[in-house]
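A quick note: this is a predicted structure, and the numbers were derived from the prediction, not measured. All ligand and atom numbering here is 1-based and tracks the order in the structure.
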Amino acid sequence: MKKTTFLISYLLIFSNLLQLQAQDLIPKPESFKTNGEVFQLTSDVKIIYSGELKKMAIYLEESLSPATGWDFDIIKTESLLGSTISISIDNSKNIETEGYQLSITNKSVTIVGSNPAGVFNGIQTLLQMLPVEIYSKQRQKNVDWKIEGAEITDAPLYPWRGMMLDASRYFYDKDYVLHLIDMMAMYKMNVLHLHLIDDAGWRLEIKKYPKLTSVGAWRGEGKERVGGYYTQEDIKEIVKYAGLRNVDVIPEIEIPAHTLAAIAAYPWLSCTGDEKVVPAQHFISRDLYCVGKESTFEFLENVFKETFELFPSKYLHVGGDEARYDRWKECEHCQALKNELGLESEKDLQVYFTKRIQKMAAKYGKTIVGWDEIIERGLENKAVGMVWHDQSKAVSGAENGHDLVMALTGYCYFDVAESAIPGEVKAATWLKPISLEKVYSLNPMIEGLDEKFKPQVLGAHATLWSDQFIHGTILQEIAPINENRSEKYFDYLTFPRMAALAEVCWTPRNLQSWDDFEKRMKTHYNRFDVAGFGYRVPQPKLISKKEVELCFEIVLENVVNGAEIRYSTDGIPANVYSEIYTSPVKVENLNQFQAITVVNRHQYSLPLYFPEKYDKFKKYGKLVAEWNPGNINRKEFDVFEINVTGKVDQNGIYELAFWFTGGTHRLEIEKIEVFKNGDKITEDNHPAFTGGKSKNNIYSFEINNYETGAAFTIKAKVRGDIGNNSNGAVFIKLK
Ligand code: ACM
Ligand code: ZN
């Protein structure tokens, strides 16, 4: 195919081939029956609504109008002759909360919801049943706006289908928040949790405490100064926009830790009262709110009052994670309170803190939500625990009578890379990759949780943390994104994984199937394209890899509608001009093979390939670096930097092994130094070498102050012996 026709043909492919989209719904509905009819959307179609659904009718009209180019009449009436799309609420039909019935015939589309949320969800299903171009903001000509006739009954499996945005460590402007709400709405996700406050930034305008945003919302000096905050007007706009899209916006006002930005603004909030600055590096501050001073509670109540005016949600998220108590242990006020209350530990002081905040929130009719630390013990009144650690936290929280939302690090931390393929977009590196399939495998009723706790499991929640965006880390320049802006990164990290989470939270378990989901996803990438949503292009799917006559026969499947698979067999990275895959490929040397999914010249996947290189070094742990003539000196010892973030993932003794793999010169090593967030924490100083023979080439060091999210690097002093024609690799393992 000629390059110039590439994009055009891609667009034509998906508009012509698939007029009837009904079988691609995500999340898959509870019940779906085709009826053989077809509804034709034309400019004459009228939108009719009953009761209080005028705003929803306008939303529907505004969803259909840009792409079709037609203005549809909106009429309040019971029935009307002619072609209609009608929306209504009917409480007599026993439709579940947020559920709907959608009927599509030759003449009409009828959406009946149990409540406005149900009608909204029915509208999202209808939009997915139209040709994918319906999501375009521009008029799409030559599209036949047909909808396959069907009878659908649907309702969510779980009431809580959430996303968290960490606006503290990286400030997303209002427009990005609205964009994220649109992304959520497409998949019937209904909770947006704004992580507004952390050590690295306070993002909510509080009129009584202007320094929270004049000081606490900014970090760095001069040209490096970055930050921002949501004005109260911004929040009103976000909440209104979300409300119309069935998204409940929950603010997180974190206590007691992760609060350095507030302390930088008002030092009297801390135990020491020392002046602080908003940090420009990620770390979890030891400074936290002083629990022993009443002024802390007055401050929080005033903050909550203004917060509750802005957020109608019945929930307040109070954080509660990762508090370290060094300051409380040394503070006369905190210690006096501990003695007065007869508490045994500082942990009990945190329980006391949370209880008081819970009571305060309850006065305003709010239920508190917090990370799983708050539901472990001590809190008598019901709260919602966001389970991020593991099963044991879920079980103890449930036994203590709390509700649970699953935000498990192994499934729901969308700041983690989707794969370990070199070049993969990532923010956090302290956790193993979380693939689309891994997200899809989440069951919010996690193993080990007794069936009797089912009513307490509200759903699941993905987190888009941005703590790794404040290092000043230069984000990788990734071709599929080709833009070094965090917002694009966050789209990429969100899609398609959010679609998987949506189905996990919505679709009955017996209808969930990874293979079926993967097939339905094919056209959803097209929807992301027309809607202007960023996403990760999936690699081609490997169907089989069989040994045939001294070769391997590789069978692939394209998982993106309208895209191509291109491949190479000569070790040169597959690119947008490589051979097009049309049938099984035979290759002699598996590790010379690569294949990519090509959506268009600017949008393509990471390679599917078969790495084998370091199998024999497996026992030395995980690969962390490679050296070659290009990155080591001859004769002079020089620093060879090794990023071990994510490989150092707990306290313990680690072994770092250097192994020569080829070349004419061995590698000499003088010593290694270990750094956490840029500060040296330990070293192993001894001479070693690795070549044809190796001596003392394993270094060891101990980590005893591990923190989630911290960056760990190792600086090794190395040189090539005589010359630098040396190649090898470095591996790490926990002893
Ligand atoms: C968390 O990741 N600290 C909730
Ligand atoms: Zn104190």
Next on the checklist: Any nitrogen or oxygen of Asp321, side chain or backbone, less than 3.5 Å from one on ligand 1?
Outcome noted: yes
Checklist entry - Between His195, His193, His258, which is the residue that forms a ring-ring contact (aromatic ring centres under 6.0 Å, His included) with His317? => result His193
Checklist outcome for this item: Quick note on ligand 1: atoms under 4.0 Å from a heavy atom of Glu322 include exactly 3 (N)
Checklist entry - With a cut-off of under 6.0 Å to the ring centre and 45° to the axis, is Arg356 in cation-pi contact with Phe297? => result yes
Checklist outcome for this item: A student checking ligand 1 against Tyr413 at a 4.0 Å heavy-atom cut-off should list atoms 1 (C), 2 (O), 4 (C)
Checklist entry - What do you reckon, are the aromatic ring centroids of Phe299 and Phe304 less than 6.0 Å apart? => result no
Next on the checklist: Tell me whether the rings of Trp388 and Trp430 are parallel (<30°), tilted (30 to 60°) or perpendicular (>60°).
Outcome noted: perpendicular
Next on the checklist: Between Asp390 and Lys393, does the salt bridge (Lys or Arg N to Asp or Glu O under 4.0 Å) criterion hold? Intermediate values first, please.
Outcome noted: CA-CA 6 Å; Asp390 54 36; Lys393 296 281 203 281; 5.4 Å; no
Item to check | Greater than 12 external heavy atoms within 6.0 Å of Glu309's CD | outcome: no
Item to check | the Zn ion (ligand 2): protein N, O or S atoms that are less than 2.8 Å away, sorted by chain | outcome: Cys271 SG, Cys290 SG, Cys331 SG, Cys334 SG
Next on the checklist: In this structure, is the centre-to-centre distance between the rings of Phe171 and Tyr229 below 6.0 Å?
Outcome noted: no
